[in-house]
2 protein chains.
Amino acid sequence: MIKGHVKLADIAKAAGVSQGTASNVFSRPEVVREEVRERVLGIAKDLGYNGPDIKGRLLRAGRVNAIGVAAIEPLAYFFEDPWARALMTEVSAVCDATGTGIALVSAQNQQKLSWNINSALVDGFILLCVEGGEQLVALTRRRQLPFIALALGDGDAAIPAIGLDNIAGAAQAARHLADLGHQRFAILAIGLTGGEAGAMAPEQAVRSLKFTSRDRALGYWQALADFGIGRADVPIHATQNDRPTVDAALEALFETARPPTAILAMSDRIALFAMQWLAGRGYAVPDDVSVIGFDGVPEAATVVPGLTTMAQPLAEIARRAVAAILEDAAPAQQEALDVTLIVRGSTAPPPAV
Amino acid sequence: MIKGHVKLADIAKAAGVSQGTASNVFSRPEVVREEVRERVLGIAKDLGYNGPDIKGRLLRAGRVNAIGVAAIEPLAYFFEDPWARALMTEVSAVCDATGTGIALVSAQNQQKLSWNINSALVDGFILLCVEGGEQLVALTRRRQLPFIALALGDGDAAIPAIGLDNIAGAAQAARHLADLGHQRFAILAIGLTGGEAGAMAPEQAVRSLKFTSRDRALGYWQALADFGIGRADVPIHATQNDRPTVDAALEALFETARPPTAILAMSDRIALFAMQWLAGRGYAVPDDVSVIGFDGVPEAATVVPGLTTMAQPLAEIARRAVAAILEDAAPAQQEALDVTLIVRGSTAPPPAV
DNA sequence: ATCCTTTCTTGAATCGATTCAATCTTGTAT
DNA sequence: ATACAAGATTGAATCGATTCAAGAAAGGAT
């Protein structure tokens with residue numbers, strides 16, 4: 001019988017039992033008399049029926065046992081971006097443990113994303129809000145499913161979100177280097193609200209950086225102030241989190257008369273690009289220049305020398321996020337988690353002058 | 001977030017139109033008179049109805065517009081393994097273009113995997129068969145959905161699969177190094193059927209390596225034979241595709257009186273581990289030792305020096321695989337695609353003696 | 001033989017939409 | 001005024017299961 005669509009009703013009819021009983025044979029076998037159960041199962045095997053179709057089941061149940069992870073990025077983002085990957089790894093671990101599926105939801109343009117969010121078969125969403133978080137939240141709202149935003153810069157407390165204490169983390173990073181004796185710092189920033197990259201004045205930074213990066217900048221400044229280093233003494237260059245803009249920033253920084261001995265990078269990605277640029281120019285890390293990153297991506301541990309960084313508690317973030325969706329218990333307000341300093345080989349005292 | 005109980009039927013009733021018309025308002029608006037359409041949309045907005053629920057729609061349509069990618073690995077595999085990531089990146093690109101969703105399906109133990117495969121809401125599966133491919137295929141068969149196996153070592157032609165011409169690729173790799181003048185080779189293999197790693201004799205390799213690795217070994221040997229280098233002259237060490245076993249193999253190889261000047265690694269992962277080991281021991285790549293990998297993962301391009309490798313046509317693989325699922329047009333038999341040599345900095349003529 | 005439990009089984013309702021043949025409206029041409 | 005095509009709307013069937021109140025059968029006690 002090539003006709004591929006045997007359904008439960010067919011089995012029931014063929015076995016001479018009601019559809020309800022047939023359903024029980026598969027979903028609650030203990031309630032059906034053994035004799036009947038075996039007969040039904042036999043018929044099912046004969047007809048090539050492999051158990052209830054998941055689509056019918058889920059329509060009835062109303063849940064699909066999967067969570068969606070969404071971002072305003074191409075789908076490949078989940079596999080390419082180091083932070084996204086590290087986070088997904090942890091989310092995967094949690095989902096593995098709870099038997100929950102993962103569906104990737106994304107699109108670059110608003111319209112497609114909207115469609116994808118609306119048609120994703122999931123019980124809720126984890127939103128990766130690195131770019132355009134507000135839009136993502138707005139789009140997801142309409143779906144009327146539980147969701148939780150991650151890395152949402154914006155301070156709107158009404159949005160269920162898990163954030164980081166970026167100010168404290170950045171301060172700790174700067175303090176680490178200052179404690180080592182560094183005096184000449186430079187900041188490599190991300191996340192301009194506008195598009196351009198380049199050097200910027202502190203006031204300008206406060207104005208045009210997005211929340212996450214602004215907080216990190218504030219943290220750096222705050223710690224350095226304790227060491228008598230003013231904002232104006234710390235050049236800050238915005239990048240687009242990619243190699244060309246990082247390279248350009250470094251070119252500019254190391255052309256000056258007093259190049260920095262310590263680089264505060266707002267992401268590990270930037271820090272890693274910076275280390276490669278430095279290696280290419282013959283600057284030794286950490287002997288000539290120290291570099292500290294932010295995020296704690298796995299690559300930071302494997303590169304040589306290891307990258308000192310402020311690690312996000314990704315496992316904790318993932319655990320809370322998945323739990324929030326599964327139990328529909330999103331935090332009433334934003335939670336901010338601590339980042340922790342991980343010292344590796346990329347930071348050391350500055351070279352003796 | 002409590003889900004509103006408004007459904008299409010409620011809207012229809014409230015607007016005084018039939019359910020069919022209400023459905024058309026959302027799914028085929030052009031067929032409904034403008035006046036009616038606006039009235040219905042108005043009512044919908046008032047009642048807080050956000051368009052057709054996807055579950056009902058899909059039940060009717062019978063397809064969910066998503067494909068599952070499955071592997072017998074923890075879910076994190078998709079984000080951690082370089083080959084899987086590179087492949088997923090390409091699959092993502094294809095899915096992005098066609099508006100198809102991606103669901104990740106995996107589990108380490110058989111039973112859970114079986115459950116996950118059976119309950120995944122997808123239109124078909126792409127199977128990553130690096131480990132335990134046969135089991136994966138067997139499990140997927142039962143679901144009676146289109147599927148296609150990738151990297152399936154086994155030669156069973158009845159399974160729809162996309163493979164590689166490993167023999168030709170490996171031969172090309174070995175020829176590249178032999179053309180450069182190398183004479184002392186060593187092979188770092190993967191994929192033992194048993195568990196142990198270590199040095200092995202050629203006959204043993206043929207016997208105990210899995211299909212993919214065996215073919216690669218055969219390819220290496222075949223090309224080297226043309227240069228008068230016999231199988232017995234090429235030490236072959238099995239690894240488990242991880243750092244410890246690669247390190248152990250290299251320790252053994254470079255302890256000998258005639259260490260190799262050219263390393264044939266069966267995966268980029270192994271090759272990259274090898275390059276790190278060599279760097280740690282003070283061997284210069286490519287001046288002292290040349291290394292060639294296999295797979296063409298992105299890291300091979302970014303490492304310094306770049307890794308020469310045999311690149312898999314991942315984009316092509318992804319394109320075909322997704323098309324096969326979406327059009328239910330899996331190839332009747334296994335297809336084998338060509339790999340291409342990408343020369344980077346890790347290979348050069350051997351050191352002058 | 002009667003009554004009461006237990007244990008199975010039934011049948012119909014439900015989940016939330018789409019589809020399509022049939023019917024009803026219009027508008028236009030004759 | 002009549003006929004007819006084109007366009008809009010209806011209503012019932014369908015997708016594939018689960019659920020649960022109610023009925024039937026079997027077994028035990030009196």
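In the text below, chain A, chain B and the rest are named by the order of the sequence lines, each starting its count at 1.
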Item checked: Atom-pair distance (CD1 on B:I54; P on C:dG16), nearest Å -> 14 Å

Notebook entry, point to check: Between B:V31 and B:L59, who's closer to the 5' end of DNA chain D by nearest nucleotide?
Noted result: B:V31

Notebook entry, point to check: Can you list every ring-ring contact (aromatic ring centres under 6.0 Å, His included) pair that touches residues 104-136 of chain B, not counting sequence neighbours?
Noted result: none

Next item on the list: Compute the angle between the rotation axes at the two ends of the helix from C:dA1-D:dT30 to C:dT30-D:dA1, each taken over five pairs, rounded to 10 degrees.
Entry: 60°

Next item on the list: Would you please name every residue forming a side chain to side chain donor-acceptor pair (under 3.5 Å) with A:S119, sequence neighbours left out?
Entry: none

Checklist line | Distance in angstrom units between B:F26 CZ and C:dA17 P, rounded | finding: 9 Å

Please write out each protein N/O paired with an N/O of nucleotides 10-14 of chain D under 3.5 Å, distance rounded to 0.1 Å.
from, atom 1, to, atom 2, distance (Å)
D:dT10, OP2, B:S18, N, 2.8
D:dT10, OP2, B:S18, OG, 3.4
D:dT10, OP2, B:T21, OG1, 2.9
D:dT14, O2, B:R60, NE, 2.8

Notebook entry, point to check: C:dT9 phosphate, OP1 or OP2: any side-chain N/O from A:R33 under 4.0 angstrom?
Noted result: yes

Note to self: Please report the distance, rounded to the nearest Å, between NZ in B:K55 and P in C:dC15.
What the structure shows: 12 Å

Notebook entry, point to check: B:R28 side chain: which of C:dT19, C:dT18, C:dT9 is closest?
Noted result: C:dT19

Notebook entry, point to check: For the pair made of CG in A:L8 and P in C:dG11, what is the distance, rounded to whole Å?
Noted result: 14 Å

Note to self: When you compare the side chain of B:P146 with that of B:L326, does any pair of heavy atoms fall below 4.5 Å?
What the structure shows: no

Note to self: Please check: side-chain N/O of A:S92 versus main-chain N/O of A:M88, any donor-acceptor pairing under 3.5 Å?
What the structure shows: yes

Next item on the list: Name the nucleic acid region contacted by B:Y49, choosing base, sugar-phosphate or nothing; use a 4.0 angstrom heavy-atom cut-off, strictly under.
Entry: sugar-phosphate

Check: For B:I117, does its backbone N or O pair with a side-chain atom of B:R143 as donor and acceptor, under 3.5 Å?
Finding: yes

Check: So, does B:D295 use its side chain to make a donor-acceptor pair with the main chain of B:V297 at under 3.5 Å?
Finding: no

Next item on the list: Check for a donor-acceptor pair, side chain of A:D123 on one end and backbone N or O of A:A66 on the other, with a separation under 3.5 Å.
Entry: yes

Next item on the list: Could you tell me the separation between the CZ atom of B:R63 and the C1' atom of C:dA17, rounded to a whole number of Å?
Entry: 17 Å

Item checked: Partners meeting ring pair (Phe, Tyr, Trp, His ring centres under 6.0 Å) with B:Y77 (sequence neighbours left out) -> none

Notebook entry, point to check: Rounded to the Å, how far apart are B:E30 CD and D:dA6 C1'?
Noted result: 16 Å

Check: Side chains of A:L58 and B:K55: closer than 4.5 Å at any heavy-atom pair?
Finding: yes

Next item on the list: Report the distance from atom CG of B:L58 to atom P of C:dC15, rounded to the nearest whole Å.
Entry: 17 Å

Next item on the list: Please test B:R320 against B:E316 for salt bridge (Lys or Arg N to Asp or Glu O under 4.0 Å), starting from the C-alpha separation and ending with a verdict.
Entry: CA-CA 6 Å; B:R320 291 193 192 210; B:E316 177 70 10; 2.7 Å; yes

Check: B:N118 CG to D:dA17 C1': how many Å, rounded?
Finding: 15 Å

Notebook entry, point to check: Once you round to the nearest 0.5 Å, how far does CG of B:N118 lie from CG of B:L145?
Noted result: 9.5 Å

Checklist line | With A:I102, the side-chain contact (heavy atoms from CB on, under 4.5 Å) member among B:V105, B:I102, B:L75 | finding: B:L75

Dump every N/O contact between nucleotides 26-28 of chain C and the protein below 3.5 Å, one line per pair.
none

